Amino acid sequence: MANQIETDTHAKLVKEALVQEAFKAKVFRAEKIVVDPRVRLKCRVPLCNAYGHNLMCPPNSLDLDELKEILTHYQWALLVQIKTPYAEGFLGAKKVHKLINHLEKEANRMGLVYAAGFIGGECKLCEQCVGQGSQEPCRHPFQARPSMEGVGIDVLRTAKNIGLDFEINHSPELIWNGLLLLE
Ligand code: SF4
């Protein structure tokens, strides 16, 4: 069970997510995050454009064992969802990324110093990522966040696990997900 301080902090973060532009937001036990190596396999089969080219995607990002070890140190996580019209394309990805950056900062301000954000899909802050092995470093190192899928998190099953089910490509609207590990 969460103590009162945790409960208050969680409620404030959910409220902040909804005040910003989340369509849904929920704090849940981190053990409900589904990790599956097949998700990471899908970065290579078929080969994603971001594989080996985006600094926040495999093989640059955390591997499965690292993620699993890290998750054992977290009790709580926050999943946020943003809904955007299909016609807006990747705008929703940028919106959810911005929201996760904001909520991570808020969580830090509330004392959750290990709060760490993840986004759905590859980091799209730049038109084109500088890429693996580039002489140029990441252009936004404090904002760039890892792809959930790239570290092996099954976003669909995690969302379903906590009652925030969504579908892909079955609606004129798209649902974009972001995850914040709390503490
Ligand atoms: S901020 Fe830009 S350079 Fe950095 S990981 Fe994201 S897309 Fe790549």
Side-chain angles (χ1 to χ4, degrees), residues 13 16-17 20-23 25 33 35-71 73-74 77-109 112-156 158-159 166 168-169 174-182:
L13 285 169
E16 182 63 17
Q20 295 296 321
E21 51 188 323
F23 147 70
I33 295 172
V35 179
D36 188 327
R38 293 174 297 177
V39 178
R40 208 174 143 99
L41 174 71
K42 297 308 288 178
C43 299
R44 288 193 283 173
V45 186
L47 189 63
C48 173
N49 285 341
Y51 185 86
H53 294 286
N54 191 294
L55 297 182
M56 293 289 118
C57 286
N60 307 307
S61 52
L62 301 170
D63 64 34
L64 277 179
D65 289 340
E66 279 178 302
L67 177 72
K68 284 181 184 168
E69 164 64 17
I70 286 166
L71 287 180
H73 295 268
Y74 284 90
L78 167 67
L79 189 79
V80 295
Q81 293 178 334
I82 281 185
K83 197 196 281 192
T84 57
Y86 189 81
E88 280 192 7
F90 288 127
L91 194 64
K94 289 190 177 166
K95 283 184 179 172
V96 86
H97 194 143
K98 200 169 154 203
L99 178 60
I100 283 294
N101 284 151
H102 172 71
L103 293 171
E104 188 181 305
K105 213 178 279 176
E106 284 297 296
N108 289 160
R109 206 177 50 76
L112 303 179
V113 296
Y114 293 111
F118 293 76
I119 54 161
E122 75 273 24
C123 180
K124 296 181 183 69
L125 292 182
C126 307
E127 192 82 10
Q128 195 163 13
C129 186
V130 296
Q132 190 179 13
S134 164
Q135 296 299 315
E136 188 187 348
C138 176
R139 298 186 193 105
H140 306 284
F142 293 108
Q143 283 83 39
R145 289 295 178 274
S147 155
M148 282 188 272
E149 297 87 350
V151 295
I153 294 174
D154 188 323
V155 184
L156 271 170
T158 300
F166 68 100
I168 299 174
N169 296 337
L174 291 172
I175 304 289
W176 302 91
N177 290 260
L179 180 77
L180 191 60
L181 298 179
L182 296 173

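Just so you know, ligand 1 is whichever comes first in the structure, and atom 1 is the first atom listed for that ligand. Note that these values count all heavy atoms, side chains included, but never hydrogens, waters or copies made by symmetry. Computed from a predicted structure; not experimentally measured.
Less than 4.0 angstrom separates some heavy atom of His140 from each of these atoms of ligand 1: 1 (S). Against a heavy-atom cut-off of under 4.0 Å, Met56 is close to the following atoms of ligand 1: 5 (S).
Of the protein's non-hydrogen atoms, Arg139 N, 3.6 Å is the one closest to atom 3 (S) of ligand 1. For atom 2 (Fe) of ligand 1, the nearest protein heavy atom (residue, atom name, distance) is Cys126 SG, 2.3 Å. Scanning the protein heavy atoms around atom 6 (Fe) of ligand 1, the nearest turns out to be Cys123 SG, 2.4 Å.
For Cys129, the nearest N, O or S atom to atom 8 (Fe) of ligand 1 falls under 2.8 Å. At least one N, O or S atom of Cys138, from either the backbone or the side chain, sits less than 2.8 Å from atom 4 (Fe) of ligand 1.
For the pair Asp154 (side chain) and Val39 (backbone), a donor-acceptor distance under 3.5 Å is absent. Put simply, the side chain of Asp36 never gets that close to the backbone of Gly152: no donor and acceptor are under 3.5 Å apart.
Across all non-hydrogen atoms, the minimal contact from Leu64 to Val151 is CD2-O, 3.5 Å. Residue Pro146 comes nearest to Met56 through the heavy atom pair N-SD, 3.5 Å, listed as atom of the first residue, atom of the second, then distance.
Within 6.0 Å of CZ on Arg44 lie no more than 12 heavy atoms contributed by other residues, nucleotides or ligands.
A donor atom on one side chain and an acceptor atom on the other are not found under 3.5 Å apart for Ser134 and Glu136.
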